[in-house]
Amino acid sequence: MSLAHRIVPCLDTDGVRVVKGVHFEGLRDAGDPVELAARYNAEGADELVVLDIAASRDNNPTFLETIRRVAEQLAIPLTRAAAFARSRMRAPSCVPARTRSP
């Protein structure tokens with residue numbers, strides 16, 4: 001049994017624009033995520049991932065408006081993701097564990 005090949009491009013964004021760099025440094029503008037998503041869709045990508053690499057660096061909320069604009073152009077599955085620096089990871093919406101009373 002052979003595995004199917006899938007093409008799943010990932011657009012690294014700063015929340016608004018697609019960026020390119022090495023290890024998230026030396027970033028340069030690489031285009032509009034909506035235009036690039038439409039191009040990948042037209043060229044036969046199986047799915048698209050849009051990654052907000054600035055989510056923890058800039059402490060900004062997730063880039064919902066960019067995702068909405070990208071989704072309007074797609075007829076394929078879309079995954080949104082955000083990068084978080086390990087030293088700043090926290091889950092403010094988590095409920096602390098209860099301790100047992102003696």
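Residue indices begin at 1 and follow the sequence shown.
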Heavy atoms of other groups near Arg69 CZ, more than 12 under 6.0 Å:
yes
Contact check, side chains of Tyr40 and Ile76, non-hydrogen atoms, under 4.5 Å
no
Under 3.5 Å donor-acceptor, Asp46 side chain and Ile7 backbone
yes
Are side-chain heavy atoms of Asp32 and Arg17 found at a separation under 4.5 Å?
yes
Would a single hydrophobic cluster contain both Leu74 and Val50, if residues Ile, Leu, Val, Met, Phe, Trp and Tyr are joined by side-chain heavy-atom contacts under 4.5 Å?
yes
Reported CG-to-OG1 distance for the pair Asp52 and Thr13, which is rounded to 0.5 angstrom
4.5 Å
Are Leu36 and Ile67 connected in a single hydrophobic cluster, I mean Ile/Leu/Val/Met/Phe/Trp/Tyr linked by side-chain heavy atoms less than 4.5 Å apart?
yes
CZ of Arg68 to CZ of Arg80, rounded to nearest 0.5 Å, is 10.0 Å
How about Ile53 and Leu27: do any of their side-chain heavy atoms sit closer than 4.5 Å?
yes
What heavy-atom pair brings Leu11 and Pro33 nearest, and what distance separates the two atoms?
CD1-O, 3.9 Å
Only residue of Asn41, Val70, Thr79 satisfying side-chain contact (heavy atoms from CB on, under 4.5 Å) with Leu48 is Val70
